[in-house]
**Q** 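Sending over a structure as structure tokens; questions will come in a sec.
Here the structure is a predicted model, which means the values were calculated and not measured. All chains are named by letter (A, B, ...) in the order of the sequence lines, taking the proteins before the strands, and each is independently numbered beginning at 1.
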Number of protein chains: 2
Amino acid sequence: MPPSQTRDRILTATAELFRRQGYSGTGLKAVVAEARAPFGSLYHHFPGGKQQLAEEVIHASGAYFQALVCAVYDEQATTADAVRAVLTGAAEPLEATDYEAACPITTVALEVASTDEVLRRATAEVFERWTVALTERLGDRDRALAVLAALEGAFVLCRARRTTEPMLAAGAMAVAHATAAPPS
Amino acid sequence: MPPSQTRDRILTATAELFRRQGYSGTGLKAVVAEARAPFGSLYHHFPGGKQQLAEEVIHASGAYFQALVCAVYDEQATTADAVRAVLTGAAEPLEATDYEAACPITTVALEVASTDEVLRRATAEVFERWTVALTERLGDRDRALAVLAALEGAFVLCRARRTTEPMLAAGAMAVAHATAAPPS
DNA sequence: GTCTATAGAAGGATAGAC
DNA sequence: GTCTATCCTTCTATAGAC
């Protein structure tokens with residue numbers, strides 16, 4: 001079937017709203033308003049309702065940000081420069097967009113972790129794929145998890161505090177950890 | 001005024017529900033049901049409604065977890081043991097409680113960061129106090145921010161993935177970073 | 001397939017009896 | 001101060017006209 005423009009607009013609008021308001025805070029009426037789509041189209045394209053819509057947004061956003069981060073990473077020559085580019089490089093767009101330019105998955109992940117098993121699995125799969133991609137580059141799964149945790153946690157602190165300070169501090173730590181001598 | 005038992009039960013119940021369902025996902029009817037309080041009591045004790053209730057929960061939970069973490073930290077002899085005890089020590093209760101034993105602030109912080117300035121400030125103040133307490137102990141603000149980011153981010157990954165693996169990996173990184181040679 | 005209208009439940013908040 | 005009843009809005013979801 002041909003890709004529906006309406007369908008894509010709904011997905012994009014949902015990702016945008018999830019990012020700012022989270023899953024529970026985003027109503028389907030707000031979604032269709034933002035997407036400039038009639039309400040019926042939502043259930044035509046997503047018969048599974050809000051859950052199906054969220055599941056697709058999680059996977060699509062996960063793939064999008066993975067590609068973005070990998071592109072930034074892979075254009076650097078050294079591991080230190082690459083990790084620094086990803087973490088420190090995230091600070092600038094964050095500040096420029098009033099601290100909204102975070103990926104929508106973290107907020108949703110926390111909201112659904114104990115309340116919706118289908119969506120919890122979707123967020124877990126995205127995090128796993130990110131971890132695998134980072135592990136390939138850093139050569140060690142534990143380091144990949146630690147760097148990813150630093151990145152996610154820094155996003156939380158930056159958004160709440162409205163400073164890039166935590167991201168820069170986390171970036172320094174991540175660079176040091178990613179380039180330290182391999183674990184015995 | 002004497003501390004009201006009803007008021008305290010409402011605060012406790014709200015913190016519990018925020019932790020599992022977040023701010024938007026928690027209705028006031030669910031709060032009074034969980035607290036076994038009549039609906040009117042909520043607006044008697046919290047005339048500011050849901051926002052005031054959330055603000056008090058954020059500050060109370062922030063103080064509670066700060067005291068908890070400081071107690072765990074301060075009973076260790078070395079910085080390495082202390083940071084390890086805080087991070088790695090968080091893994092056990094997490095697993096034992098089906099990954100619900102996280103503090104309720106992170107989820108709420110992300111939900112309100114772009115939607116409610118009053119609550120955003122409340123979460124920012126809590127994070128700042130944690131940062132100050134950690135800075136006193138680690139002797140460096142940037143390290144404190146980095147360790148805190150690692151802790152918060154690991155909570156996200158653990159809750160979504162239902163493993164303690166990210167917390168253990170983040171703990172190792174945090175210990176190494178907290179005990180490394182001081183920055184030039 | 002597009003779009004409107006609405007059902008039925010749950011949301012936050014208030015009034016007022018006791 | 002305690003508790004019930006209710007208001008109005010918003011939520012997800014569906015029915016059905018076109």
**Q** Side-chain heavy atoms under 4.5 Å apart, restricted to Ile/Leu/Val/Met/Phe/Trp/Tyr: what other residues fall into the cluster of Met173(B), or is it alone?
**A** Met173(A)
**Q** Can you measure from OH (Tyr73(A)) to CG (Leu134(A)) and round to the nearest 0.5 angstrom?
**A** 7.0 Å
**Q** Check whether any side-chain heavy atom of Glu55(B) sits under 4.5 Å from a side-chain heavy atom of Leu119(B), and report yes or no.
**A** yes
**Q** Please identify the 5'-most and 3'-most nucleotides of DNA chain C with any atom under 4.0 angstrom from a heavy atom of chain A.
**A** dG1(C) to dA5(C)
**Q** Pick the closest DNA chain D nucleotide for Gly49(A) and for His45(B) by heavy atoms, then say which residue is nearer the 5' end.
**A** His45(B)
**Q** Rounded to the nearest angstrom, tell me the gap between atom CD in Gln52(A) and atom P in dT12(D).
**A** 15 Å
**Q** Which residues in residues 16-35 of chain A have a heavy atom closer than 4.0 Å to any atom of DNA chain D?
**A** Thr26(A), Gly27(A), Leu28(A), Lys29(A)
**Q** Assign Gly40(B) to base, sugar-phosphate, or nothing according to its heavy-atom contacts below 4.0 angstrom with the strands shown.
**A** base
**Q** Considering residues at least two apart in sequence or located in another chain, which fulfil the side chain to side chain contact (heavy atoms under 4.5 Å, CB included) criterion with Asp81(A)?
**A** Gln76(A), Thr78(A), Arg84(A)
**Q** Suppose the criterion is salt bridge (charged side-chain N to carboxylate O under 4.0 Å, His left out): which pairs have a residue in residues 29-53 of chain A, not counting sequence neighbours?
**A** none
**Q** Which distance, rounded to the nearest 0.5 Å, do you find between the CZ of Arg120(B) and the CZ of Arg162(A)?
**A** 5.5 Å
**Q** What is the distance from atom CG of Leu145(A) to atom OG1 of Thr131(A), rounded to the nearest 0.5 Å?
**A** 4.5 Å
**Q** By side chain to side chain donor-acceptor pair (under 3.5 Å), which residues pair with Thr26(A), not counting sequence neighbours?
**A** Gln21(A)
